Q: 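Attaching a single structure in structure tokens format; questions to follow.
Every chain is numbered from 1 and lettered A, B, ... according to where its sequence line falls, protein lines coming before strand lines. Computed from a predicted model, the values in this text were never measured in an experiment.
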Amino acid sequence: MAVVRLATWNVNSVKARLPRLLEWLEQSAPDVLCLQETKLATDAFPAEEVKALGYDTAHHGEGRWNGVALLSRVGLDDVRRGFAGDPGWGGEPGGEEPLFEEPKLEARAVSAVCGGVRVWSVYVPNGRAPESAHYGYKLNWLEALRVAVSQDLATGEPVAVCGDFNVAPADSDVFDPAAFIGSTHVTKPERDAVAALVAAGLSDIVPKPMKGPNPFTYWDYRAGMFHQDKGMRIDLALVSAAVAGAVKGAYIDREARKGKGPSDHAPVVIDFDI
DNA sequence: ATGGCGCGAGAATCGCGA
């Protein structure tokens, strides 16, 4: 029941991606797959379709936006949707949309024990612009995640926090640092927030690109960015020491970014030597 | 400097993504 292959993939709508998702599951055969941006209500996940391939599902959805899931064929125990301390999204003061009466919890984290590992699938808030309230939400959310994950780490159980962090940890994780000046995803506070997660006891497993020198996991749909390899590494797998010590290899499945109807993210796949 | 693509909701554009 051990996790031999762990993967994470922002699919940008499970509904729109279902044929490719099922095909990818069959071809890549992960033991555990973390999904982000399912864009489905919790009960609307196609659990029967993935069950036919041997996977149990834990989905935390909200409908139109966000949504995270865990698919596992090595057990799926003690499922937790969301986490204590999640600050929620309070809206943009002075923005066009009205402020919410109270912060609204969004479906951005689900965790469960799979094959002896506490696995998290997370979708970190985008941040939109450094001067926006959404950026503050992003930083607060990441800090709350650090606190919650630290509690898992304190139990001594193996932990893997995987997902779309919407942060490129280093300049080498973007195609051109100059192109991102003034943008989110690369600011020092965002990078510090990810570094704090690492400092809590996690290792950032940098996957190998299947082509070219850049370990990018996301490429904008527009302007041929993928074909020019103008991307970013924002999908991360942060794992505790015992998990990191068992890593045999990791790669980015850029083939899944090709062809008709891809997500704008590619899956990150990590293999373990158990 | 801007938009460039794609998705969902819902019926025309819009909010959002990074």
Q: Should the heavy atoms of other residues, nucleotides or ligands under 6.0 Å from CD of A:Gln228 be counted, would the total exceed 12?
A: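 More than 12 within 6.0 Å, yes.
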Q: Look at A:Arg128 and B:dG17 and indicate whether a side-chain polar atom (N or O) is within less than 4.0 Å of OP1 or OP2.
A: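 Yes, within the criterion.
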Q: For A:Val14 and A:Asn66, find the nucleotide of DNA chain B closest to each by heavy atoms; which residue's nucleotide sits nearer the 5' end?
A: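 Final value for this comparison: A:Val14.
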Q: Please determine if a side-chain N or O atom of A:Arg64 lies less than 4.0 Å away from the OP1 or OP2 oxygen of B:dC16.
A: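 No, because none of the side-chain N or O atoms of A:Arg64 sits under 4.0 Å from OP1 or OP2 of B:dC16.
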Q: Report yes if some heavy atom in the side chain of A:Phe180 is under 4.5 Å from a heavy atom in the side chain of A:Pro177; otherwise report no.
A: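 Result no, sub-4.5 Å side-chain heavy-atom pair not found.
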Q: How far does the P atom of B:dA1 sit from the matching atom of B:dC16, given to the nearest Å?
A: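 It works out to 25 Å between them.
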Q: Take atom OH of A:Tyr218 and atom C1' of B:dC16, then tell me their distance rounded to the nearest Å.
A: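 Checked: the OH to C1' distance equals 11 Å.
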Q: Whole angstrom is fine here: how far is it from NZ in A:Lys39 over to P in B:dG17?
A: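 That distance rounds to 9 Å.
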Q: Taking only N and O in the side chain of A:Arg17, is any of them less than 4.0 Å away from OP1 or OP2 of B:dC7?
A: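 True: A:Arg17 side-chain N/O within range (under 4.0 Å) of B:dC7 OP1/OP2.
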Q: Taking NE2 from A:His185 and P from B:dG17, how many angstroms apart are they, rounded to a whole number?
A: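 So the two atoms are 9 Å apart, to the nearest Å.
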Q: Please list all pairs passing the salt bridge (charged side-chain N to carboxylate O under 4.0 Å, His left out) test where one or both residues lie in residues 6-24 of chain A, with sequence neighbours left out.
A: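 Every candidate salt bridge (charged side-chain N to carboxylate O under 4.0 Å, His left out) pair involving residues 6-24 of chain A fails, so no pair, neighbours aside, qualifies.
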Q: Kindly say if A:Tyr123 contacts the phosphate of B:dA18, meaning a side-chain N or O under 4.0 Å from OP1 or OP2.
A: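 For B:dA18, OP1/OP2 do have a side-chain N/O of A:Tyr123 under 4.0 Å.
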Q: Have a look at A:Val74 and tell me which of A:Val4, A:Asp31, A:Val119 forms a side chain to side chain contact (heavy atoms under 4.5 Å, CB included) with it.
A: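 Of the listed options, the one satisfying the test is A:Asp31.
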Q: Establish, with yes or no, whether the OP1 or OP2 oxygen of B:dA18 is under 4.0 angstrom from a side-chain nitrogen or oxygen of A:His265.
A: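 Affirmative; the distance criterion is met.
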Q: For DNA chain B, which residues of residues 220-233 of chain A approach it to below 4.0 angstrom with any heavy atom?
A: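 Under 4.0 Å from DNA chain B: A:Tyr221, A:Arg222, A:Ala223, A:Met232.
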Q: Looking at A:Asn12, I'd like to know whether one of its side-chain N or O atoms comes within less than 4.0 Å of OP1 or OP2 on B:dC7.
A: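 Looking at the OP1 and OP2 atoms of B:dC7, neither is under 4.0 Å from any side-chain N or O of A:Asn12.
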Q: How long is the span from the CZ atom in A:Arg146 to the CG atom in A:Leu202, to the nearest 0.5 Å?
A: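 Those atoms lie 11.0 Å apart.
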Q: Within this structure, what is the CD-to-C1' distance between A:Glu131 and B:dA18, rounded to whole angstrom?
A: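 Checked: the CD to C1' distance equals 14 Å.
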Q: Between B:dG10 and B:dC14, how many Å separate the two C1' atoms, rounded to a whole number?
A: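 Roughly 11 Å separates the two C1' atoms.
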Q: Check this one for me: any side-chain N or O of A:Thr184 less than 4.0 Å away from OP1 or OP2 of B:dA18?
A: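 So the side-chain polar atoms of A:Thr184 never come under 4.0 Å of the phosphate oxygens OP1 or OP2 of B:dA18.
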Q: Over 60° means perpendicular and under 30° means parallel, so tell me whether A:Trp141 and A:Phe83 are parallel, tilted or perpendicular.
A: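 Geometry flag for A:Phe83 against A:Trp141: perpendicular rings.
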Q: For B:dT2 versus B:dA11, give the span between their P atoms, rounded off to a whole number of Å.
A: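 Those two atoms are separated by 31 Å.
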Q: Do A:Glu37 and A:Asn12 get their side chains close enough for a donor-acceptor pair, meaning under 3.5 Å?
A: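 No pair is found: no donor N or O on one side chain lies under 3.5 Å from an acceptor on the other.
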Q: How close or far is atom C1' of B:dC5 from atom CG of A:Asp264, stated in whole angstroms?
A: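 One finds 9 Å between C1' of B:dC5 and CG of A:Asp264, rounded.
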Q: Between B:dG4 and B:dT13, how far is it from one P atom to the other, in whole Å?
A: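 Straight-line distance between the two P atoms is 15 Å.
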Q: Between B:dA18, B:dG17, B:dG8, which one does the side chain of A:Ala16 approach most closely?
A: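 Output: B:dG8.
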Q: Once ring pair (Phe, Tyr, Trp, His ring centres under 6.0 Å) is applied, do any residues pair with A:His59, and if so which ones, sequence neighbours excluded?
A: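 A:His59: ring pair (Phe, Tyr, Trp, His ring centres under 6.0 Å) contacts with A:Phe45.
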Q: Whole-Å distance between B:dA18 P and A:Arg257 CZ?
A: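 From A:Arg257 CZ to B:dA18 P: 12 Å.
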